[in-house]
Undergrad: 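The structure follows.
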Amino acid sequence: MKNVISKDKVQPKDKVQLKDKIQSILLKYSVYIVLILLLIFFSFSSPVFLTQANMANFFRQIPSVGILTVAYAMVLINGYVDLSIASIAAFSGTAAAYLSTLGWNPIIVIVVAMMTGAFFGTINGLLIKKLNLPAFILTLGTSYIIRGIIMFITDGIYVTGVTDWFGKLASTNIFGNVIYSSTLIFIILVIVFAYIMKNTRLGIHSYIVGSNPEAARLSGIDTDKHVVKIFMIEGILAAVAGVLLMSNLNVGGPNEGQGLDLLAMAAAIMGGIQFSGGVGTIGGAVVGIFTLQIFNNGLSIMGVNAFMQQAVTGGIIIFALVVDYFRRKAEKNN
């Protein structure tokens with residue numbers, strides 16, 4: 001009799017544990033599940049989705065926002081946010097486009113653009129750590145400053161007349177009129193930074209700082225120097241993304257890239273990076289941006305209104321935060 005009673009008591013507990021385990025797995029791999037479902041849905045919903053032309057368009061659009069997502073993922077893992085990343089990209093890319101019209105050497109143009117991104121990123125990092133300013137408000141302010149400066153310099157007008165080499169930076173065909181030079185650059189950067197975050201001191205320190213900044217400091221990590229370095233690297237990646245964005249457009253667009261910062265942040269969180277820091281991978285963030293871009297691409301080819309797409313994207317950002325909340329809650333329970 002006692003054995004039967006104890007068995008009955010154990011079964012509900014086992015069921016609860018199984019339910020929690022399934023819920024944890026679904027939350028952990030939710031972005032992968034959504035990506036697969038979207039691919040299946042749009043493949044059957046539109047004959048255009050899997051065509052060579054649409055795939056080529058997709059792989060030409062993904063590199064810029066994808067690189068921004070990689071950069072944003074690094075910052076989030078360290079427990080910070082940056083709302084100026086899209087403005088840094090626009091400034092650096094437009095500057096590169098302008099310098100190309102002056103006939104500057106391609107290598108010098110790209111280096112100057114990357115140094116510009118590094119400068120803005122370093123300024124953000126220094127102000128956040130040395131003056132103990134909140135990253136959210138600070139980078140919102142620097143975003144307006146950076147965007148305002150480039151809009152003032154160009155008078156809000158697109159920079160035209162770029163040289164041939166500038167347009168070829170992003171649009172050189174690599175394979176089958178589907179994979180272009182910008183796609184290849186994106187893939188290389190994903191591999192490099194996935195390795196850095198997993199296997200190098202910079203990456204390991206990032207997870208420690210993101211999980212517990214005080215414990216990181218007490219363990220001997222120079223957290224100020226580390227965070228400034230992360231923001232500098234983020235600025236460089238933003239500049240690369242900006243150059244590729246403008247190269248793809250074949251102009252310098254001072255007003256381009258608006259909203260890409262929030263899209264990159266949402267993608268990173270959807271991909272498993274916690275908003276509070278210390279958890280997540282570059283690979284997961286990349287899956288997140290692929291999911292968002294496939295969703296937007298599918299809506300476009302199905303003829304959904306562009307303004308409605310913007311509203312839906314906003315909903316996805318909120319959804320990403322909700323998923324992050326439940327993911328953290330599930331991890332605490334386990």
Side-chain angles (χ1 to χ4, degrees), residues 56-73 82-101 106 109-118 120-121 143 146-147 149-151 153-154 156-174 179-190 193 233-268 285-286 289-290 292-293 296-297 300 306 309-310 313:
N57 181 52
F58 177 82
F59 283 112
R60 289 186 68 173
Q61 289 180 347
I62 195 74
S64 295
V65 68
I67 293 170
L68 289 178
T69 301
V70 171
Y72 217 119
D82 187 355
L83 298 181
S84 69
I85 188 171
S87 294
I88 294 173
F91 191 108
S92 303
T94 302
Y98 174 70
L99 293 177
S100 78
T101 65
V109 170
I110 294 169
V111 169
V112 169
M114 292 172 68
M115 289 178 63
T116 301
F120 286 129
S143 174
I146 295 166
R147 182 80 66 172
I149 291 173
I150 194 62
M151 291 290 285
I153 293 173
T154 62
I157 300 172
Y158 277 49
V159 176
T160 58
V162 296
T163 52
D164 290 339
W165 68 260
F166 187 80
K168 291 178 181 178
L169 279 176
S171 59
T172 300
N173 179 38
I174 301 297
I179 304 299
Y180 294 89
S181 49
S182 58
T183 319
L184 185 61
I185 293 170
F186 170 53
I187 292 171
I188 291 171
L189 288 176
V190 168
F193 281 93
I233 294 171
E234 184 212 28
I236 294 171
L237 287 174
V240 174
V243 171
L244 293 178
L245 176 63
M246 302 310 168
S247 172
N248 197 34
L249 297 171
N250 210 33
V251 294
N255 207 31
E256 291 293 332
Q258 294 198 47
L260 292 184
D261 42 11
L262 294 179
L263 193 65
M265 180 174 68
V286 171
I289 195 59
F290 264 81
L292 285 177
Q293 287 298 94
N296 287 330
N297 178 265
S300 296
Q309 288 182 43
Q310 189 174 5
T313 302

Undergrad: Of all heavy-atom pairs between Gly117 and Ser92, which one has the smallest distance, and what is that distance?
TA: N-OG, 3.6 Å

Undergrad: To the nearest 0.5 Å, what is the distance between CG (Asp261) and CD1 (Ile85)?
TA: 7.5 Å

Undergrad: Walk me through whether Leu262 and Leu83 qualify under side chain to side chain contact (heavy atoms under 4.5 Å, CB included).
TA: CA-CA 7 Å; Leu262 294 179; Leu83 298 181; 4.0 Å; yes

Undergrad: Side chain to side chain donor-acceptor pair (under 3.5 Å) with Thr172: which residues, sequence neighbours excluded?
TA: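 Scan of Thr172 (side chain to side chain donor-acceptor pair (under 3.5 Å), adjacent residues dropped) gives none.
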
Undergrad: Which atom pair, heavy atoms only, marks the closest approach of Ala96 to Ala113?
TA: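 Nearest heavy atoms, Ala96 then Ala113: CB-CB, 4.1 Å.
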
Undergrad: Which heavy-atom pair separates Ala238 from Ile88 by the least distance, and what is that distance?
TA: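 Closest approach of Ala238 to Ile88: CB-CG2, 3.8 Å.
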
Undergrad: Could you tell me which residues satisfy side chain to side chain donor-acceptor pair (under 3.5 Å) with Glu256, sequence neighbours excluded, listed by chain and number?
TA: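 Counting only residues at least two positions away or on another chain, Glu256 forms a side chain to side chain donor-acceptor pair (under 3.5 Å) with Tyr158.
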
Undergrad: ring-ring contact (aromatic ring centres under 6.0 Å, His included) with Phe120: which residues, sequence neighbours excluded?
TA: Phe91

Undergrad: Listed by chain and number, what are the side-chain contact (heavy atoms from CB on, under 4.5 Å) partners of Ile187, not counting sequence neighbours?
TA: Thr183, Ile191

Undergrad: Under the side chain to side chain donor-acceptor pair (under 3.5 Å) definition, can you give me all pairs with a residue in residues 238-253, not counting sequence neighbours?
TA: Arg60-Asn248

Undergrad: To the nearest 0.5 Å, tell me how far Leu68 CG sits from Glu234 CD.
TA: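 Rounded to the nearest 0.5 Å, the CG-CD separation comes out at 8.5 Å.
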
Undergrad: What are the two closest heavy atoms between Arg147 and Asn255, and how far apart are they?
TA: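 Reported closest heavy-atom pair: NH1-C, 3.4 Å.
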
Undergrad: How many angstroms lie between CD1 in Ile157 and CE in Met151, if you round to the nearest 0.5 Å?
TA: 10.0 Å

Undergrad: For Ile153, give me all partners under side-chain contact (heavy atoms from CB on, under 4.5 Å), at least two apart in sequence or on another chain.
TA: Ile149

Undergrad: Apply side-chain contact (heavy atoms from CB on, under 4.5 Å) to Ala95 and list each qualifying residue two or more places apart in sequence or on a separate chain.
TA: none

Undergrad: For Thr154, what residues pass the side chain to side chain donor-acceptor pair (under 3.5 Å) criterion, not counting sequence neighbours?
TA: none

Undergrad: Return the minimal non-hydrogen interatomic distance between Ala97 and Gly252, and the atom names on each side.
TA: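 Residues Ala97 and Gly252, closest heavy atoms: CB-CA, 3.6 Å.
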
Undergrad: Test side chain to side chain contact (heavy atoms under 4.5 Å, CB included) on Asn297 and Gln293; report intermediate values, then the result.
TA: CA-CA 6 Å; Asn297 178 265; Gln293 287 298 94; 6.0 Å; no

Undergrad: Could you tell me which residues satisfy ring-ring contact (aromatic ring centres under 6.0 Å, His included) with Phe58, sequence neighbours excluded, listed by chain and number?
TA: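 ring-ring contact (aromatic ring centres under 6.0 Å, His included) list for Phe58, sorted by chain: Phe290.
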
Undergrad: Pick one: which of Ile150, Leu245, Val243, Val251 meets side chain to side chain contact (heavy atoms under 4.5 Å, CB included) with Thr94?
TA: Ile150

Undergrad: Hey, what do you get for CD1 (Ile236) to OG1 (Thr116), rounding to the nearest 0.5 Å?
TA: 11.0 Å

Undergrad: What's the separation between atom CD1 in Ile289 and atom CG in Asn296, rounded to the nearest 0.5 Å?
TA: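 So the gap between those two atoms works out to 8.5 Å.
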
Undergrad: How far does CD1 of Ile67 sit from CD1 of Ile188, to the nearest 0.5 angstrom?
TA: 10.0 Å

Undergrad: Please tabulate, for side-chain N and O atoms in residues 160-169, each donor-acceptor pair with protein atoms closer than 3.5 Å (sequence neighbours left out).
TA:
| from | atom 1 | to | atom 2 | distance (Å) |
| --- | --- | --- | --- | --- |
| Thr163 | OG1 | Trp165 | NE1 | 2.8 |

Undergrad: Applying side chain to side chain donor-acceptor pair (under 3.5 Å), name anything that partners Ser64, two or more places apart in sequence or on another chain.
TA: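 With neighbours one apart ignored, the set is empty.
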
Undergrad: Distance-only, no hydrogens or angles: does the Tyr180 side chain make a donor-acceptor pair with backbone N or O of Phe59 under 3.5 Å?
TA: no

Undergrad: Please lay out, stage by stage, how Leu237 and Phe193 fare under the test side chain to side chain contact (heavy atoms under 4.5 Å, CB included).
TA: CA-CA 11 Å; Leu237 287 174; Phe193 281 93; 3.6 Å; yes

Undergrad: Where do Ala73 and Ala285 come nearest, in terms of heavy atoms and distance?
TA: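 The pair with the smallest heavy-atom distance is CB-CB, 3.9 Å.
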
Undergrad: Listed by chain and number, what are the side-chain contact (heavy atoms from CB on, under 4.5 Å) partners of Val111, not counting sequence neighbours?
TA: Ile107, Met115

Undergrad: Would Leu189 and Val70 count as a side chain to side chain contact (heavy atoms under 4.5 Å, CB included) here? Give the steps.
TA: CA-CA 8 Å; Leu189 288 176; Val70 171; 5.8 Å; no

